[in-house]
Amino acid sequence: MTDTVRMTYREALRQGLLAALRRDPTVFLMGEDVGRYGGTYAVSKGFLEEFGEDRIRDAPLSESGFVGAGIGAALNGLKPVVEVMTVNFSLLALDQIVNNAATLRHMSGGQINVPVVIRMTTGGGRQLAAQHSHSLEGWYAHVPGLRIVAPATHADAYGMILAALDDPDPVIIFEHAMLLNVEGELAAEPGPVDLDRAAVRRGGSHATVVTYGGSVPKALEAAGELAKEGIEAEVVDLRSLRPLDDATVMASVRKTHRVVIVDEGWKSGSLSAEIMARIVEQAFFDLDAPMIRVCSEEVPVPYARHLEEAALPQVADVVAAVRQVVA
Amino acid sequence: MKPDRETVRGHLHAMLRIRRFEEKCAELYGAGLIRGFLHLYIGEEAVAAGVVPRIAPGDAILATYREHGHALLRGIPARQIMAEMYGKQEGCSHGRGGSMHLFDVSRRFYGGNAIVAGALPMAVGFGLGDRMRGTGAVTACFFGEGAVAEGEFHEAANLASLWKLPVLFCCENNLYAMGTALDRSEADTDLCEKARSYRMEARSVDGMDVFAVAEAARAALEYVRSGAGPLFLELKTYRFRAHSMFDPELYRSREEVEAWRERCPIESLKRTASAAGLLTDEDVASIERAIATEIDDAVAFAEAGTWEPVDTLARDVYARASGGSS
């Protein structure tokens, strides 16, 4: 049994980033308030003192400018980790991400790799209303050339940043804001993680719950409740949103024959729709019941607590969906 | 500085190469052998001819979709550029880019970028890379005056100046952003003022005079390389041809175009150099012959080029293959 340390998800992110900065002098962190402020979510607290202003680079509020600078630096011998405060703000940098990071390798006939890592928070649940709470990772997952990952566990929070920096392609890491304070165990000497595979977080034979990121703990909590009723739900954490690990998803579907998809994005044109489509294409005859999606209501996320709760997927919604799919 | 025969011939050769190469491209476009967008640089040759040869091999260049001239003068072989125009896999971007996306990383030529101002933030990152790694290299980023209206110009200008990065911003001011004249798109048409508002050194030069451009580029590169920070160089020029092959040119008068054609950088150089006894008719003829041979060879190479098999369509999307996922 390896030793583990109890810490928050935020601390696991911090430890991963710290390890990355310590092992490679070409790694640097750039973004709004990453330095003197210590990181909007305190992920880079204390880094400025250890690594200096060059490597912990406070950027002005110019998302397109500093994300593009990260891409350029990645093409010119550095290993940038660009932090964007939230996914909503990243829309100001869409041009750089979609038109440059995702295309340069292909457009140049394979002459260029773009080893940039971009991190951002995503998701709702903190009453921050409609410009700080959305889950737009599905949009990014639409784009060939990008790798999109969503760490849901402490091991992934720590390890994905290191794996992303080892990857020659542009990687965007989506960190769900509601996970930041979640306590969990991290191995004292965490091993490497991959960026490709989905993971079965809880085994079960009656239904498959496919989810990722901030919805993983909700799905696991729902599975715990369902187990009391004798319903064994298998929870598949996608981990990588692009590329998608179809094999792991289909293996679970072929075992349980019933599927619930939990995605904090909206249903229309979403990642949940993509997963459903792939299951239909690849495992339709294995299904014993229509699939069910638990997604955000199709409204901009509202401020008032009770309305926000109603807008986002909740544990009770997942429980109800699984009950229905196995009925 | 008094120009000598060698310099005159060098400038003329550089500008004529671009002119003749693009005239051939226009002809091939008419014949349906080149497709997509084709943005000609004709009229603006003194800019690339003055700046690009002054950029050191270790420096990086980022350009726009009107970059045939820059690519040629950076040393990408004409045959590879022409093959790219054809969409052949022997092209400098293996047929994946076309006219707007010429790349040659071995020559640190990081592309034609077809998003106006899209390369500017990347140029900042290149500068950051050189500064943090202590390479001593600089980055030259070309863009049209239309880019100055984009937020990315202002973000990049601020970042480069704030961080004192070794970036040369080369603004090719040909007075029209596609069909919109500068004074119809900018409240302040003094482009240098915008750069200066970010405390960036800014200079303006007659982009139709290759000697003036070459001297301005030399001084600008020296400034940027010294570590003094970025520099904004406005090159006042004019595009003689339409914006692209689809442009009916309804936005400017014939008289205006004719007036600028009188200032053709190639004809001007020929006139002044001949009058000064630095250029003979035979000089011009021999340069033309050499270029014609080069272009014929490029076309033959492109014609003989091959189409990439469709079954490799999905390559070069990712550098690393993913294990079992899609």
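Letters A, B, ... are given to chains in the order of the sequence lines, protein chains preceding strands, and every chain is numbered from 1.
Minimum interatomic distance between A:His106 and B:Leu313 (heavy atoms only, all atoms of both residues): CE1-O, 4.0 Å. Minimum interatomic distance between B:Val124 and A:Ala69 (heavy atoms only, all atoms of both residues): CG1-CB, 3.9 Å. Heavy atoms only, all atoms of each residue included: A:Gly65 and B:Leu159 are closest at C-CD1, 3.5 Å.
Two residues are said to be in side-chain contact when any heavy atoms from C-beta on lie closer than 4.5 Å; B:His101 and A:Thr103 fail this criterion. Within the 4.5 Å cutoff, the side chain of A:Pro60 has heavy atoms near those of the B:Asn158 side chain.
Here B:Gly118 is the residue among B:Gly97, B:Gly98, B:Gly118 with the most heavy-atom pairs under 4.5 Å with chain A. Chain A forms the most heavy-atom pairs under 4.5 Å with one residue out of B:Arg108, B:Arg96, B:Gln89, and that residue is B:Arg96. Chain B forms the most heavy-atom pairs under 4.5 Å with one residue out of A:Leu92, A:Leu61, A:Asn100, and that residue is A:Asn100. The candidate from A:Gly110, A:Ala73, A:Ser108 with the greatest count of non-hydrogen atom pairs under 4.5 Å with chain B is A:Ser108. With chain A as partner, the option from B:Ala319, B:Ala119, B:Gly151, B:Ala160 having the largest number of non-hydrogen pairs under 4.5 angstrom is B:Ala319. Between chain A and the options B:Arg133, B:Arg315, B:His94, B:Glu308, heavy-atom pairs under 4.5 Å are most frequent for B:Arg133.
Interface residue B:Asp130: backbone and side-chain heavy atoms are both found under 4.5 Å from chain A. When heavy atoms are compared at a cutoff of 4.5 Å, A:Arg57 approaches chain B solely by way of its side chain, counted from C-beta outward. Of the atoms belonging to A:Val116, not a single heavy atom falls under 4.5 Å from chain B. For A:Leu146, the part lying under 4.5 angstrom from a heavy atom of chain B is the backbone only. Within the 4.5 angstrom heavy-atom criterion, atoms from both the backbone and the side chain of B:Asp104 approach chain A. For chain A, no part of B:Leu102 is nearby; none of its heavy atoms comes within less than 4.5 Å.
By the neighbour-count criterion of 12 heavy atoms within 6.0 Å, atom CH2 of B:Trp163 is densely surrounded, having more than that number from other residues, nucleotides or ligands. For B:Phe37, the CZ atom counts as loosely surrounded, since its 6.0 Å shell holds 12 or fewer non-hydrogen atoms of other residues, nucleotides or ligands. The local environment of CZ in A:Arg254 is crowded, with over 12 non-hydrogen atoms from other residues, nucleotides or ligands closer than 6.0 Å. Counting non-hydrogen atoms of neighbouring residues, nucleotides and ligands closer than 6.0 angstrom, the CZ atom of A:Arg23 exceeds 12 such neighbours.
Remark: A:Asp166 does not engage B:Arg320 in a salt bridge, criterion side-chain N to carboxylate O under 4.0 Å.
The structure places CD1 of B:Ile115 at 9.5 Å from CD of A:Gln96, a figure rounded to the nearest 0.5 Å. Note: A:Asn113 CG to B:Tyr318 OH = 13.0 Å, rounded to the nearest 0.5 Å. Distance OH/B:Tyr110 to CG/A:Leu75: 7.0 Å, rounded to 0.5 Å. We find the CD-CG distance between A:Gln111 and B:Asp316 to be 9.5 Å, quoted to the nearest 0.5 Å. Here A:Asp95 contributes atom CG and B:Asn113 contributes atom CG; the two are 7.5 Å apart, rounded to the nearest 0.5 Å. The CE atom of B:Met132 sits 5.0 Å away from the CG atom of A:Leu78 when rounded to the nearest 0.5 Å.
Of the candidates B:His154, B:Glu155, B:Glu152, A:Ser64 forms a side-chain hydrogen bond (donor to acceptor under 3.5 Å, both in side chains) with just one, namely B:Glu152.
Annotation: residues 49-56 of chain A contacts chain B through A:Asp54, A:Arg55 [non-hydrogen atoms, separation under 4.5 Å].
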